[in-house]
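Report on the following structure.
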Amino acid sequence: METLLELDKEVFLWLNSFHSPFWDTFFLIYTNSKSWIPVILIMVFLLFKSFPWRQALTYFVLIAAAVGLCDFIASGILKPGFERLRPCHDFLQEMTLVGNCGGMYGFASSHAANSFGLFSGFSSAFKGNKYVFWLLLVWAILMGYSRIYVGVHHPGDVVVGTLIGIVVPKVFFYAYERIGRRKNGQS
């Protein structure tokens, strides 16, 4: 386990080493949760524009509940359970911090869990829409990287948050579809 943690630190230090004033400003703004508002509003608008209102409302509730569970797993269970210090609380002198450090613990990244939860949820709702898929995937990947860039998460924190964010909405949509098939007499 120590070898894995040391590798995670080395990869973090390498990924965190590429800084410039432009990218510092960009990622500081990008990683702010308030910057998600336009993305979420656009996706909710598209949801209600693309589907009958009951189906859109159901998808909206599924996505909101899934992202809420993603956040709870990352912030409410894993962070207090593992108590892994954020890089900026562990070895600040060796890295670059852009902005504030945040809470004490970083495993797992709730930004990664939530952004990938939105990606996975909306991709599940808009099955087959490659534009939604790729745009939200790029947005979520950049969000995950932003957490390393600004110095508040190890790559392992982001990877685990990503996995949570992908799996939870998929399970929600799978369960929803199974219930729908049962109601309609399909197996």
Side-chain angles (χ1 to χ4, degrees), residues 8 11 15 23 26-27 29-79 81-82 106-150 152-187:
D8 203 22
V11 172
L15 290 172
W23 290 113
F26 174 82
F27 280 116
I29 293 167
Y30 192 84
T31 201
N32 186 312
S33 298
K34 290 181 180 127
S35 72
W36 299 25
I37 293 170
V39 173
I40 294 169
L41 290 176
I42 290 168
M43 292 312 302
V44 169
F45 171 78
L46 290 175
L47 199 63
F48 281 90
K49 185 176 187 260
S50 302
F51 298 100
W53 75 271
R54 282 185 185 215
Q55 186 177 10
L57 184 60
T58 301
Y59 286 165
F60 175 78
V61 170
L62 283 171
I63 294 166
V67 172
L69 182 58
C70 291
D71 190 67
F72 177 72
I73 291 169
S75 295
I77 296 173
L78 296 179
K79 284 179 184 171
F82 283 90
F107 182 82
S109 169
S110 51
H111 271 69
N114 296 341
S115 61
F116 275 92
L118 289 167
F119 154 73
S120 182
F122 281 112
S123 295
S124 295
F126 288 97
K127 278 186 263 195
N129 186 320
K130 63 184 178 186
Y131 299 109
V132 168
F133 179 88
W134 287 108
L135 286 172
L136 287 178
L137 179 60
V138 168
W139 173 77
I141 289 170
L142 277 173
M143 189 60 65
Y145 176 68
S146 76
R147 305 308 287 163
I148 297 165
Y149 184 95
V150 299
V152 297
H153 282 292
H154 293 92
D157 303 343
V158 173
V159 168
V160 172
T162 297
L163 293 173
I164 293 165
I166 290 172
V167 169
V168 171
K170 292 292 183 197
V171 169
F172 275 51
F173 273 83
Y174 175 78
Y176 168 71
E177 289 169 3
R178 292 280 298 186
I179 291 167
R181 283 196 297 262
R182 283 199 179 133
K183 280 184 175 180
N184 294 329
Q186 301 167 352
S187 53

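These numbers come from a predicted model, not from an experiment.
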Residue pairs passing the salt bridge (charged side-chain N to carboxylate O under 4.0 Å, His left out) test with at least one member in residues 39-50, sequence neighbours excluded, are none
Between Y30 and W139, is there a donor-acceptor pair closer than 3.5 Å when you use the side chain of the first and the backbone of the second? yes
task = Keeping the roles fixed (side chain from D8, backbone from H154), state whether a donor-acceptor pair exists under 3.5 Å.
result = no
Taken in chain and number order and not counting sequence neighbours, the residues that satisfy side chain to side chain donor-acceptor pair (under 3.5 Å) with S146 are T31
Sorted by chain and residue number, the side chain to side chain donor-acceptor pair (under 3.5 Å) partners of Y145 (sequence neighbours excluded) come out as none
(Q) Pair Y176, T58 - check side-chain contact (heavy atoms from CB on, under 4.5 Å), show working. (A) CA-CA 9 Å; Y176 168 71; T58 301; 3.4 Å; yes
Kindly list each side-chain donor-acceptor pair under 3.5 angstrom involving residues 67-76, sequence neighbours excluded, with atom names and distances?
residue	atom	partner	partner atom	Å
D71	OD1	N114	ND2	2.9
S75	OG	S110	OG	3.4

Requested in this report: For residues P169 and L62, determine if any side-chain heavy atom of one lies less than 4.5 Å from a side-chain heavy atom of the other.
Outcome: no
- Decide yes or no for V152 and H111: does some side-chain heavy atom of the first lie under 4.5 Å from some side-chain heavy atom of the second? no
Donor-acceptor pairs under 3.5 angstrom involving side-chain atoms of residues 116-123: please list them, not counting sequence neighbours.
residue	atom	partner	partner atom	Å
S120	OG	I166	O	2.9
S123	OG	F119	O	2.7

Quick check: closest heavy atoms across [X] and [Y], and the distance to 0.1 Å?
{"X": "L47", "Y": "F60", "result": "CD2-N, 3.7 Å"}
{"X": "V158", "Y": "A112", "result": "O-CB, 3.6 Å"}
{"X": "S115", "Y": "W36", "result": "N-CH2, 3.6 Å"}
{"X": "F48", "Y": "A56", "result": "CD2-CB, 3.6 Å"}

Problem set entry | Aromatic ring pairing F51/F126, orientation class (parallel under 30°, perpendicular over 60°, tilted between) | tilted
dist I37:CD1 -> N32:CG (nearest 0.5 Å) comes out at 8.5 Å
One should read off an interatomic distance between L136 CG and M43 CE, to the nearest 0.5 angstrom, of 4.5 Å
| Checking side-chain contact (heavy atoms from CB on, under 4.5 Å) for the pair F107/H153: CA distance, chi angles, key distance, verdict? | CA-CA 8 Å; F107 182 82; H153 282 292; over 6 Å; no
Sorted by chain and number, sequence neighbours left out, salt bridge (Lys or Arg N to Asp or Glu O under 4.0 Å) with K34 holds for none
